[in-house]
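Chain letters run A, B, ... following the sequence lines, proteins first, then strands; residues in each count from 1.
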Protein chains: 2
Amino acid sequence: MSNAADPACLCGKCTSCVIFNRSVCHVASPEAMAQLNRISHIRKFARGTVIQGQGEASDIVGNIIEGVVKLSSASANGDDHIVGLLFPSDFFGRLFAEESRFAYEAVTDVTLCAMNKSGFERFLIDHPEVEHEMLKAKLDELDAVREWAAITNGHTTMQRVATLLFVFSLRSRNQRREPGDQSSNPVVHVPLSRRDIADYLGTTPETLSRNIQTLARAKVIRIINAKHFELLNASELVRHSGESREDLERIAAR
Amino acid sequence: MSNAADPACLCGKCTSCVIFNRSVCHVASPEAMAQLNRISHIRKFARGTVIQGQGEASDIVGNIIEGVVKLSSASANGDDHIVGLLFPSDFFGRLFAEESRFAYEAVTDVTLCAMNKSGFERFLIDHPEVEHEMLKAKLDELDAVREWAAITNGHTTMQRVATLLFVFSLRSRNQRREPGDQSSNPVVHVPLSRRDIADYLGTTPETLSRNIQTLARAKVIRIINAKHFELLNASELVRHSGESREDLERIAAR
DNA sequence: CGATAACTTGATGTGACTCAACTTAAGTGG
DNA sequence: CCACTTAAGTTGAGTCACATCAAGTTATCG
């Protein structure tokens, strides 16, 4: 296990990292990289695992390497709402706080580049250039969360559904097609259950289903299976979203 | 105008700052304070002024000393939504971005401790301890925005109205009463128009008005005038909000 | 292959938006 | 300082999108 080519070997872990360019790590100096290599370790969580419960003491942070994590908040009356989704290269966990206000749950199988929270906090003090990058990332995230809040607030369910589908289509643009799929149209992969999508959009599974079926009947999309859709008419989808294409692309970009 | 006691004199501006303790400035060293004193200046904006338009190049940043600023986003179809409110000691403006995604508008008369954006960005590079404080503040803000999004998403209009009133009551707890007000009950001051409140809560002025009147008929509040309410029954208001008191206090705290 | 969960479809009720009239407050100029 | 104007807020009636309850259908997994 001391082979330098072995991805599990600490020595080369970060240099072969698939999300390196998009994570905060890319500004780290060689010395900082070596230290990150020392304090980080790969951890995997199965789909459905609650990585961190709401209100629990937060002790791990890190970057998502693979999979999707949902951030949710349960209110007093019991119903919980998804307040965010984290994708590969997104930073995971809550720095500089005793506990997490939100629950983190693996929506798919998840691979994490995990670090001890206080260990990483100490690292940041020594490496302001990484903390600077972290601040920039969080400012972008703040804008994105506000933008998403504006969408879920002021739009119809159909507009939200169309927005989500289009944004996911842009995100999964460069992913491989489903096996056996011959079409030249883009395939949108939404790795969430209907319930999770509904929670994220602030609606119910029933209403969500109706809207998806309506889009399918209108030949805007074709339902391949519960989590895959063929995009038949992108501009119609944009029209249904009520947003301009530029705005949608900006949302997807983050 | 070179008198050291003169608040307009640069020399003593920051040391007499009323929001110093709550702003990021409080971690600045004496040397850093001197530099902040040099690059900052007080600016005032009249109620209704658009301090920065959506998509405009952002050139000024700073702290709000007095007043309320609304952050809003207008979508393609024209309707705009308030995605945030900024209060005294909150940081204003968008660092590390060419333009602002949102419009900043003075909801009341506003006093700002303004700085040139790139000037402050350069200052942060030299003073990582302030940038660190900025990161912590933004992480708190991120949680608060997500929490608010969860509230506006999954609750009825009445619950949102009650939440807003209660949170504002906690915020204005230590403010002076309206002149001539004899009651011992707390007075909630909401310095926003019905339209602005409606935009913030994701509803319409009509529906908002109906809910406020319902609360008044139920003797939960008494309407003093359009922007002032006497809080007659706090626990009933909490009950209407659908949130636990602790959650509401946490939201108000930020 | 049977059991359980996820998803879809249908029928029904209602909260909130819309359109419209009215009332009250806030500015403005004579 | 008061009449006039205009904006802000309230109230009412009608409609509709969406939630809810319920049943059926299709996946998923042991």
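Proximity of B/Arg160 to the phosphate of C/dG15: no side-chain N or O atom is located under 4.0 Å from OP1 or OP2. Listed pair A/Thr204 / D/dA19 meets the phosphate criterion, a side-chain N or O lying under 4.0 Å from OP1 or OP2. For B/Thr157 and C/dA16, the shortest distance from a side-chain N or O to OP1 or OP2 is below 4.0 Å. Residue B/Arg194 places no side-chain N or O under 4.0 Å from the OP1 or OP2 atom of D/dT11.
Backbone-only contact: A/Gly202 has heavy atoms under 4.0 Å from sugar-phosphate atoms and none from a base.
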Distances under 3.5 Å between protein N/O atoms and the N/O atoms of nucleotides 23-26 of chain D, please, pair by pair.
none

Show the distances under 3.5 angstrom between N or O atoms of the protein and N or O atoms of nucleotides 23-25 of chain C.
none

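Each end of the helix from C/dC1-D/dG30 to C/dG30-D/dC1 gets its own axis, taken as the rotation carrying the C1' atoms of four end pairs onto the next four within a five-pair window, and the two axes meet at 50° to the nearest 10 degrees.
For the pair B/Asn225 CG and C/dA26 P, the computed distance is 7 Å after rounding to whole Å. At whole-Å resolution of the value, NE2 in B/His228 and P in D/dG9 are 14 Å apart. With rounding to whole Å, B/Asp199 atom CG is found 16 Å from C/dA16 atom C1'. Per the geometry, CD1 belonging to B/Ile197 stands 13 Å off P belonging to D/dA8, to the nearest Å. In this structure, A/Ile224 atom CD1 and D/dA27 atom P are separated by 14 Å, rounded to whole Å. As rounded to whole Å, 14 Å separates atom C1' of C/dA5 from atom CG of A/Asp196.
Side-chain atoms of B/Glu230 do not come within 3.5 Å of backbone N or O of B/Val187 as any donor-acceptor pair. For the pair A/Arg171 (side chain) and A/Phe87 (backbone), a donor-acceptor distance under 3.5 Å is absent.
In this structure, the separation between CG on A/Leu215 and CZ on A/Phe229 is 9.5 Å, given to the nearest 0.5 Å.
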Requested in this report: Under the side-chain contact (heavy atoms from CB on, under 4.5 Å) rule, what do A/Ser100 and A/Gln52 come out as? Steps first, then yes or no, please.
Outcome: CA-CA 8 Å; A/Ser100 172; A/Gln52 190 154 115; 3.3 Å; yes
Query - A/Arg250 vs A/Asp247, salt bridge (Lys or Arg N to Asp or Glu O under 4.0 Å): CA-CA, chis, key distance, verdict - result: CA-CA 5 Å; A/Arg250 195 152 38 69; A/Asp247 284 349; 2.7 Å; yes
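Distances from the side chain of B/Lys227 to the nucleotides D/dC18, D/dG9, D/dC29 place D/dG9 closest.
Applying a 4.0 Å cut-off to non-hydrogen atoms, the residues of residues 206-221 of chain A that approach DNA chain C are A/Glu206, A/Ser209, A/Arg210, A/Gln213, listed by residue number.
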Determine all donor-acceptor pairs shorter than 3.5 Å in which one atom belongs to a side chain in residues 60-72 of chain B; sequence neighbours excluded.
unit_1, atom_1, unit_2, atom_2, d
B/Lys70, NZ, B/Asp196, OD1, 2.9

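When A/Asn211, A/Leu164, A/Ile82 are each tested for a side chain to side chain contact (heavy atoms under 4.5 Å, CB included) with A/Leu201, only one passes: A/Leu164.
Every side chain to side chain donor-acceptor pair (under 3.5 Å) that A/Ser75 has, sequence neighbours left out, goes to A/Asn77, A/Asp79. Residues meeting the side chain to side chain contact (heavy atoms under 4.5 Å, CB included) test with A/Asn153, sequence neighbours left out: B/His81, B/Thr152, B/Arg160. Take A/Ala97 and apply the side chain to side chain contact (heavy atoms under 4.5 Å, CB included) test, not counting sequence neighbours, and it matches A/Arg94. For the side chain to side chain donor-acceptor pair (under 3.5 Å) test, no residue two or more places apart in sequence or in another chain qualifies with A/Glu105.
Here salt bridge (charged side-chain N to carboxylate O under 4.0 Å, His left out) pairs that include residues 41-65 of chain A, with residues two or more places apart or in two chains, number zero. The salt bridge (charged side-chain N to carboxylate O under 4.0 Å, His left out) contacts involving residues 203-220 of chain A comprise nothing, where partners must be two or more places apart or lie in separate chains. For residues 198-226 of chain A, the ring-ring contact (aromatic ring centres under 6.0 Å, His included) pairs, not counting sequence neighbours, are A/Trp148-A/Tyr200.
Across the interface with DNA chain D, nearest-nucleotide mapping of A/Met158 and B/Leu192 shows B/Leu192 to be the residue nearer the 5′ end.
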